[in-house]
Amino acid sequence: MQTILLVEDNEMNRDMLARRLTRKGFSVVTAEDGQQGIDYANEQQPALILMDLSLPVVDGWEATRQLKANEKTKHIPIIVLTAHAMKDDEAKAFQAGCDDYDTKPVILERLLEKIAKALASE
């Protein structure tokens, strides 16, 4: 079973998406802020990271930059999940090093396709 790290500060969003992904056969672990996400990724090496951008402590852009700059975590695909749907937000997320980008509210089938694509290229 592949583990997905979900980094999301909104408890309702985090719980709902974690349950939906678990029902689809993934093991899901969660982090409430960017620093927790960085720490967990370093310790546990998940197969994939779903990263919100608007996070406390360390925002998602910076957390993504740090993970992609680290030899130990740079191989882990990161899909940004955000309510920031402007084109420059998408460009900024890719500049930070994310592998894919999806907007909230999450459309599960679309997200699952992106997860499958990211895991297949891993």
Side-chain angles (χ1 to χ4, degrees):
M1 183 179 299
Q2 292 176 305
T3 299
I4 292 177
L5 169 59
L6 173 58
V7 187
E8 168 65 65
D9 64 323
N10 181 292
E11 184 178 3
M12 194 167 21
N13 290 346
R14 189 174 58 244
D15 292 346
M16 183 230 9
L17 187 53
R19 282 194 313 274
R20 293 172 81 187
L21 291 169
T22 299
R23 283 196 299 268
K24 294 295 183 182
F26 295 100
S27 170
V28 180
V29 293
T30 61
E32 297 176 20
D33 64 57
Q35 188 60 57
Q36 285 181 353
I38 292 165
D39 294 344
Y40 183 87
N42 274 296
E43 294 163 13
Q44 303 297 322
Q45 297 289 300
L48 181 128
I49 300 169
L50 297 175
M51 179 76 71
D52 185 19
L53 290 176
S54 298
L55 294 167
V57 185
V58 175
D59 69 35
W61 286 289
E62 180 59 26
T64 297
R65 278 191 288 274
Q66 288 186 31
L67 290 166
K68 289 302 184 174
N70 183 335
E71 277 302 312
K72 198 171 169 185
T73 56
K74 70 180 185 181
H75 67 282
I76 303 170
I78 299 175
I79 299 175
V80 164
L81 294 179
T82 185
H84 297 274
M86 306 301 279
K87 271 291 181 206
D88 60 330
D89 291 319
E90 185 174 353
K92 189 175 172 184
F94 281 109
Q95 287 171 353
C98 77
D99 298 279
D100 209 337
Y101 180 94
D102 205 5
T103 55
K104 295 178 186 175
V106 170
I107 297 171
L108 188 60
E109 293 308 314
R110 181 180 66 201
L111 179 59
L112 289 171
E113 288 174 11
K114 291 179 182 228
I115 290 170
K117 180 181 170 193
L119 291 173
S121 67
E122 175 50 18

Stepwise salt bridge (Lys or Arg N to Asp or Glu O under 4.0 Å) check, E113 with R110: CA-CA 5 Å; E113 288 174 11; R110 181 180 66 201; over 6 Å; no
Begin from the C-alpha positions of Q45 and H75 and carry the test side-chain contact (heavy atoms from CB on, under 4.5 Å) through to its verdict. CA-CA 10 Å; Q45 297 289 300; H75 67 282; 3.0 Å; yes
Residues K104, E8; criterion salt bridge (Lys or Arg N to Asp or Glu O under 4.0 Å); working and verdict: CA-CA 12 Å; K104 295 178 186 175; E8 168 65 65; 2.6 Å; yes
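With a 4.5 Å cut-off on side-chain heavy atoms, I115 and I4 count as touching. Counting heavy atoms from C-beta on, the side chains of L48 and T3 never come closer than 4.5 Å. Using a 4.5 Å heavy-atom cutoff, the side chains of Q44 and L5 are not in contact. Side-chain atoms of K68 and D99, non-hydrogen and from C-beta on, do get closer than 4.5 Å to each other. With contacts defined as side-chain heavy-atom distances shorter than 4.5 Å, the pair V7/I49 qualifies. In this structure, the side chains of L111 and L81 come closer than 4.5 Å at one or more pairs of heavy atoms. Inter-residue side-chain proximity for D102 and T82 is flagged as unmet; no heavy-atom pair is nearer than 4.5 Å. Counting only heavy atoms from C-beta outward, the side chains of F26 and L119 approach each other to under 4.5 Å.
V28 and M16 fall into different hydrophobic clusters, defined by Ile, Leu, Val, Met, Phe, Trp and Tyr side-chain heavy atoms under 4.5 Å apart, directly or through other members.
No side-chain N or O of N70 forms a donor-acceptor pair with one of Q66 less than 3.5 Å apart.
Residues C98 and V80 come closest through the heavy atom pair CB-CG2, 3.5 Å.
The distance from the CD atom of Q95 to the CZ atom of R65 is 9.0 Å, given to the nearest 0.5 Å. Taking CG of L53 as the start and OH of Y101 as the end, the distance is 6.5 Å to the nearest 0.5 Å.
In this structure, N42 contributes its side chain and I38 its backbone to a donor-acceptor pair below 3.5 Å.
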